[in-house]
Number of protein chains: 2
Amino acid sequence: MISQTAEYALRAMVFIAMNSDSPQVTEKIACGTKVPASYLSKILQLLAKSGLVKSQRGIGGGFILAAPPSKISILEIVNAVDPIKRIDTCPLDLSSHGVALCALHKRMDEAIQLVEQAFKKTTLREILSKPTKSIPLCETKLSTHRRTNH
Amino acid sequence: MISQTAEYALRAMVFIAMNSDSPQVTEKIACGTKVPASYLSKILQLLAKSGLVKSQRGIGGGFILAAPPSKISILEIVNAVDPIKRIDTCPLDLSSHGVALCALHKRMDEAIQLVEQAFKKTTLREILSKPTKSIPLCETKLSTHRRTNH
DNA sequence: GGATAATCAGACCTAGATATCCAATTTAAT
DNA sequence: ATTAAATTGGATATCTAGGTCTGATTATCC
């Protein structure tokens with residue numbers, strides 16, 4: 001349904017948003033979101049390429065959001081790493097169908113559209129501010145001051 | 001979004017439903033739905049195991065629906081080959097979360113639920129009877145009488 | 001301003017899952 | 001018996017997830 005990669009990307013973005021007071025380093029994000037660090041590194045690169053986060057190398061560097069949480073939808077995040085593709089043309093390319101989709105694929109596309117819309121209207125801010133019993137990811141909000149990483 | 005396998009299964013079921021006057025043979029279904037025959041064979045077995053189609057070996061055999069099209073939802077078809085899994089527990093199993101989902105995964109699950117519901121209330125019959133410009137799959141409804149398969 | 005350490009970026013490799021192919025076997029009808 | 005079909009199992013390819021190592025960039029400290 002939703003790829004592992006997309007799930008990871010969402011977790012990372014939420015984590016970065018939750019700790020927006022300072023750039024977050026890959027290792028820390030990985031730890032806080034339980035995503036394998038080596039793989040996460042690649043996902044973060046995709047997010048940076050899509051302009052959702054900004055990266056900064058060197059000491060004190062890491063990743064920060066490129067826009068306020070209210071401006072980032074989870075659709076953008078998903079699309080950055082694993083684009084949701086609508087069915088706009090017949091998957092079997094039957095000449096007789098042309099542009100029009102048959103009833104089956106019309107239904108499929110409608111379902112995809114539902115998800116797309118739901119994702120589009122959900123922003124990071126909503127996720128952060130939502131009053132649920134569990135705070136998103138991570139046991140506790142990590143402190144800012146540096147500490148022995150071991 | 002929707003796996004290739006699920007897409008194939010749906011096509012096959014629609015095809016069988018459209019040609020319900022006689023058992024449909026793997027080769028014919030493959031041809032009519034543009035699904036690789038060898039792979040389709042395995043998918044049909046899954047559908048048979050789930051009780052959605054009945055199989056008959058030997059001459060005059062093939063696959064037929066196990067129930068009227070109005071009783072078969074496309075959710076059942078998808079679930080037979082590639083089950084849609086709701087998010088019912090925290091994907092990072094954080095002790096602090098327990099049963100409750102955080103805002104992020106609550107949203108994800110809601111999206112999945114939308115699809116699940118949409119699929120649940122769409123039956124094969126609806127797909128067959130829907131007035132669209134294109135009939136589902138296949139160029140023309142295949143004729144029943146046997147013919148040189150080549 | 002140069003050495004050093006922190007950090008991202010990128011290339012390459014491995015394992016597992018998904019998709020596809022092929023041949024041998026079983027079942028049923030004529 | 002012969003023929004037409006599904007069933008089964010294995011072999012192969014392609015994709016996804018994840019790992020490893022090296023290089024490039026940047027900040028800090030002396």
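Just so we're on the same page: letters track the sequence lines, and every chain starts at 1. Just the heavy atoms: all of them, side chains too, but no hydrogens, waters or symmetry mates, feed the values below.
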Checklist entry - D:dA4, D:dA17, D:dA27: which one has an atom nearest the side-chain heavy atoms of A:Gln4? => result D:dA17
Checklist entry - For B:Leu44 and C:dA19, what is the distance between atoms CG and P respectively, to the nearest whole Å? => result 15 Å
Item to check | Rounded distance (Å) that lies between atom C1' of C:dT4 and atom CD1 of A:Ile59 | outcome: 8 Å
Checklist entry - With no hydrogens and no angle check, is any side-chain donor or acceptor of A:Asp109 less than 3.5 Å from a backbone partner on A:Ile87? => result yes
Item to check | Those residues that, when tested against A:Thr122, pass side chain to side chain donor-acceptor pair (under 3.5 Å) (two or more places apart) | outcome: B:Arg107
Next on the checklist: Measuring to OP1 and OP2 of C:dA19, would you say a side-chain N or O of B:Tyr8 lies under 4.0 angstrom away?
Outcome noted: no
Item to check | Considering all heavy atoms, the nearest A:Lys28-A:Phe15 contact | outcome: O-CZ, 3.8 Å
Next on the checklist: Output the rounded distance in Å from OH (A:Tyr39) to P (C:dC13).
Outcome noted: 19 Å
Checklist entry - Taking only side-chain nitrogens and oxygens of A:Ser41, does any of them come within less than 4.0 Å of OP1 or OP2 of C:dC8? => result no
Checklist entry - In whole angstroms, how far is the C1' atom of D:dA5 from the CD1 atom of B:Ile16? => result 14 Å
Checklist entry - Taking all non-hydrogen atoms of both residues, which atom of B:Ile16 and which atom of B:Phe63 are closest, and how far apart? => result CG2-O, 3.8 Å
Checklist entry - Base, sugar-phosphate alone, or nothing: which one does A:Gln45 contact when heavy atoms must sit under 4.0 Å apart? => result base
Checklist entry - Partners of A:Asn79 by side chain to side chain donor-acceptor pair (under 3.5 Å), sequence neighbours excluded? => result none
Item to check | Salt bridge flag under 4.0 Å for residues A:Lys120 and A:Glu116 | outcome: no
Checklist outcome for this item: Looking only at D:dA6, D:dA17, C:dA6, the nucleotide nearest the A:Ser3 side chain is D:dA17
Enumerate all atom pairs, one protein N or O and one N or O from nucleotides 9-14 of chain D, separated by less than 3.5 Å.
residue: D:dG10; atom: O6; partner: B:Lys42; partner atom: NZ; Å: 2.1

Checklist entry - In whole angstroms, how far is the P atom of C:dC8 from the CD atom of A:Gln24? => result 10 Å
Item to check | Spacing between B:Leu40 atom CG and C:dC22 atom P, to the nearest angstrom | outcome: 15 Å
Next on the checklist: Can you pull out the residues from residues 46-58 of chain A that lie within a 4.0 Å heavy-atom distance of DNA chain C?
Outcome noted: A:Ser55, A:Gln56, A:Arg57, A:Gly58
Item to check | Side-chain (B:Arg11) to main-chain (B:Thr33) donor-acceptor, under 3.5 angstrom | outcome: yes
Hey, can you pull the donor-acceptor pairs under 3.5 Å for the side chains in residues 46-56 of chain B, sequence neighbours left out?
residue: B:Ser50; atom: OG; partner: B:Leu46; partner atom: O; Å: 3.0

Checklist entry - Under a single-linkage rule joining Ile, Leu, Val, Met, Phe, Trp and Tyr whose side-chain heavy atoms are separated by less than 4.5 Å, which residues share a cluster with A:Leu114? => result B:Leu114
Checklist entry - Between B:Phe63 and A:Val35, which has a closest nucleotide on DNA chain D that is more 5'? => result B:Phe63
